[in-house]
A.B. asks: 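To start, I am sharing the structure in question, which I have written as structure tokens.
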Amino acid sequence: QVQLVESGGGLVQAGGSLRLSCAASGLTSSGHAMGWFRQAPGKEREFVAAISRYGSTTDYTDSVKGRFTISRDNAKKTVYLQMNSLKPEDTAVYYCAAGGIFTSVVQNDYPYWGQGTQVTVSS
């Protein structure tokens, strides 16, 4: 059974930092590209970042480039999202997802999803 469990969310002031973690079980450690998505209140879920199976390729949505960093530790079966210089518009539920061989910005390319972790950035 595949399970993705996010942690690390919370309340932070604008300009602060958080690191999200996503622990995976039931998956081959290096068999899947991994992604982070987010959904703000009243908005559709959107792509944030993705990383290839061995971490050689990363993709980011434009609004987080230079502020967020996605990484992975296949030995620990864990994916991270380091978020710096947080803004109030980053407030959302952040979801971890496991996909196929290649990175993708398309949600339907990710068959496995976590339950989400809340990130709230105060101004």
A.B. asks: Where is the tightest heavy-atom contact between Tyr110 and Gly35, given as atom of each residue plus distance?
C.D. replies: CE2-N, 3.6 Å

A.B. asks: Among Val64, Thr61, Leu81, exactly one meets side chain to side chain contact (heavy atoms under 4.5 Å, CB included) together with Trp36. Which residue is that?
C.D. replies: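 Output: one option passes, namely Leu81.
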
A.B. asks: Between Val105 and Phe37, which heavy-atom pair has the shortest distance, and what is it?
C.D. replies: O-CE2, 3.8 Å

A.B. asks: Considering only heavy atoms from C-beta outward, does the side chain of Thr78 approach that of Arg72 to under 4.5 Å?
C.D. replies: no

A.B. asks: Are side-chain heavy atoms of Ser71 and Gln82 found at a separation under 4.5 Å?
C.D. replies: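 No, every pair of side-chain atoms sits at 4.5 Å or beyond.
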
A.B. asks: Please tabulate, for side-chain N and O atoms in residues 7-23, each donor-acceptor pair with protein atoms closer than 3.5 Å (sequence neighbours left out).
C.D. replies:
from	atom 1	to	atom 2	distance (Å)
Ser17	OG	Asn84	OD1	2.9

A.B. asks: Indicate the atoms forming the closest heavy-atom contact of Met34 with Val79, along with that distance.
C.D. replies: CG-CG2, 3.5 Å

A.B. asks: If you measure from CD on Glu6 to CD on Gln115, what distance do you get to the nearest 0.5 Å?
C.D. replies: 4.5 Å

A.B. asks: With clusters built from Ile, Leu, Val, Met, Phe, Trp and Tyr whose side-chain heavy atoms come within less than 4.5 Å, directly or transitively, what are the remaining members of the cluster of Tyr80, listed by chain and number?
C.D. replies: none

A.B. asks: Keeping to residues at least two apart or across chains, list the side chain to side chain donor-acceptor pair (under 3.5 Å) pairs with something in residues 89-101.
C.D. replies: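 Listed once each, the pairs are Arg38-Asp90, Arg38-Tyr94, Arg67-Asp90.
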
A.B. asks: Return the set of residues passing side chain to side chain contact (heavy atoms under 4.5 Å, CB included) with Tyr112 (not counting sequence neighbours), or none when no residue passes.
C.D. replies: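 Partners of Tyr112 by the side chain to side chain contact (heavy atoms under 4.5 Å, CB included) criterion, ordered by chain and then number, come out as Val2, Leu4, Leu27, His32, Ala98.
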
A.B. asks: What do the steps show when you test Thr103 against Asp59 for side-chain hydrogen bond (donor to acceptor under 3.5 Å, both in side chains), and what is the final call?
C.D. replies: CA-CA 7 Å; Thr103 60; Asp59 292 318; 2.8 Å; yes

A.B. asks: Side chains of Arg45 and Gln107, heavy atoms from C-beta outward: is any pair under 4.5 Å?
C.D. replies: yes

A.B. asks: Tell me every residue that passes side chain to side chain contact (heavy atoms under 4.5 Å, CB included) with Thr58, counting only those two or more places apart in sequence or in another chain.
C.D. replies: Ile51, Tyr60, Ile70

A.B. asks: Any pair with a residue in residues 101-115 that passes salt bridge (Lys or Arg N to Asp or Glu O under 4.0 Å), sequence neighbours left out, goes on the list, sorted by first then second residue, please.
C.D. replies: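 Matches after skipping sequence neighbours: none remain.
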
A.B. asks: For Gln3 and Ala24, indicate whether the former's side chain and the latter's backbone hold a donor-acceptor pair under 3.5 Å.
C.D. replies: no

A.B. asks: So, the side chain of Asn74 versus the backbone of Lys77: is there a donor-acceptor pair under 3.5 Å, distance only?
C.D. replies: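 Here the side-chain-to-backbone pair does not exist.
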
A.B. asks: What closest approach, in Å, do Phe47 and Ser104 show between heavy atoms, and which atom pair accounts for it?
C.D. replies: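 In terms of heavy atoms, the two residues are closest at CE1-O, 3.6 Å.
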
